[in-house]
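Here the structure is laid out as structure tokens; the discussion comes afterwards.
Each chain gets a letter, A, B and so on, in the order the sequences are listed, and its residues count up from 1.
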Amino acid sequence: DAGVIQSPRHEVTEMGQEVTLRCKPISGHDYLFWYRQTMMRGLELLIYFNNNVPIDDSGMPEDRFSAKMPNASFSTLKIQPSEPRDSAVYFCASSLNRGLDQPQHFGDGTRLSIL
Amino acid sequence: QKEVEQNSGPLSVPEGAIASLNCTYSDRGSQSFFWYRQYSGKSPELIMSIYSNGDKEDGRFTAQLNKASQYVSLLIRDSQPSDSATYLCAGEDSNYQLIWGAGTKLIIKP
């Protein structure tokens with residue numbers, strides 16, 4: 001089975017540019033999560049969707065960040081304008097449901113560097 | 001503030017010994033707990049989950065949960081160099097939100 005697919009794997013861009021990260025969840029999974037991981041702050045939940053609907057975006061750091069899920073097989077996380085402090089690894093994860101027997105499966109991540 | 005705390009390490013263990021990783025949590029409403037392993041430069045992958053008090057074994061791995069003490073642990077028997085990684089503990093709160101620890105870096109010395 002294909003796992004969670006993220007693109008690009010690496011992104012290097014200059015401050016002020018728009019960045020778009022993409023994610024394809026595992027087919028049939030109803031939940032999709034966007035995380036950011038840094039050495040200083042660890043793994044942080046940014047936003048999650050249930051059946052394509054954003055449920056909790058309280059982790060989105062500021063208005064420069066936005067996320068969409070137009071259908072069950074695709075989601076984007078956009079940063080506009082980007083800043084050097086946005087440099088991190090961004091993970092997308094999906095799960096069939098919530099609870100003990102429904103773990104989150106992570107994609108390989110996008111390593112983002114803002115110069 | 002709901003928190004999951006882990007010693008950041010590194011925890012150094014000789015090959016073949018038992019590695020013991022610990023995690024405490026503040027939210028008494030948390031019912032389920034997960035251990036994820038993350039190799040350097042890779043994504044987290046699920047090792048074990050547990051929701052009942054006591055021990056749960058899967059191969060060389062044993063998860064332990066003590067809800068009275070708000071304590072979760074992961075034991076790795078017969079440690080191998082390939083077990084060297086960062087281990088993330090996560091607790092699921094009453095809203096099914098995962099609260100993540102910062103992770104413990106484990107080094108298995110040959």
> Would a hydrophobic clustering, with Ile, Leu, Val, Met, Phe, Trp and Tyr connected at side-chain separations under 4.5 Å, put Met48(B) with Ile76(B)?
Replying inline: yes
> Checking Leu43(A) against chain B: side chain, backbone, both or neither under 4.5 Å from a heavy atom?
Replying inline: both
> Between the side chain of Ser95(A) and the main-chain N/O of Asn97(A), is any donor-acceptor distance below 3.5 Å?
Replying inline: yes
>> Can you pull out every ring pair (Phe, Tyr, Trp, His ring centres under 6.0 Å) where at least one residue sits in residues 53-94 of chain B? Sequence neighbours excluded, please.
In response: none
> Nearest heavy-atom pair of Ile108(B) and Asp83(B): which atoms, and what distance?
Replying inline: CG1-CB, 4.0 Å
> Would you say the side chain of Phe106(A) lies within less than 4.5 Å of the side chain of Tyr36(B), judging by non-hydrogen atoms?
Replying inline: yes
>> If the contact rule is any heavy atom under 4.5 Å from chain B, which residues of residues 72-86 of chain A qualify, in numerical order?
In response: none
> What are the two closest non-hydrogen atoms of Leu46(B) and Pro103(A), and how far apart are they?
Replying inline: CD2-CB, 3.3 Å
> Taking only residues two or more places apart in sequence or in another chain, which ones pass side chain to side chain donor-acceptor pair (under 3.5 Å) with Asp93(B)?
Replying inline: Lys2(B)
> Just by modelled atom types, is the Glu57(B) backbone N or O under 3.5 Å from a matching donor or acceptor in the Thr62(B) side chain?
Replying inline: no
> Under a 4.0 Å N-O cut-off, is there an ion pair linking Arg64(A) with Glu18(A)?
Replying inline: no
>> Sort by residue number and list every residue of residues 97-105 of chain B having at least one heavy atom under 4.5 Å from chain A.
In response: Gln97(B), Leu98(B), Trp100(B)
> Taking atom types as modelled and ignoring hydrogens, do the side chains of Gln104(A) and Tyr48(A) form a donor-acceptor contact shorter than 3.5 angstrom?
Replying inline: no
> Is it the side chain or the backbone of Arg41(A) that comes within 4.5 Å of chain B heavy atoms, both, or neither?
Replying inline: neither
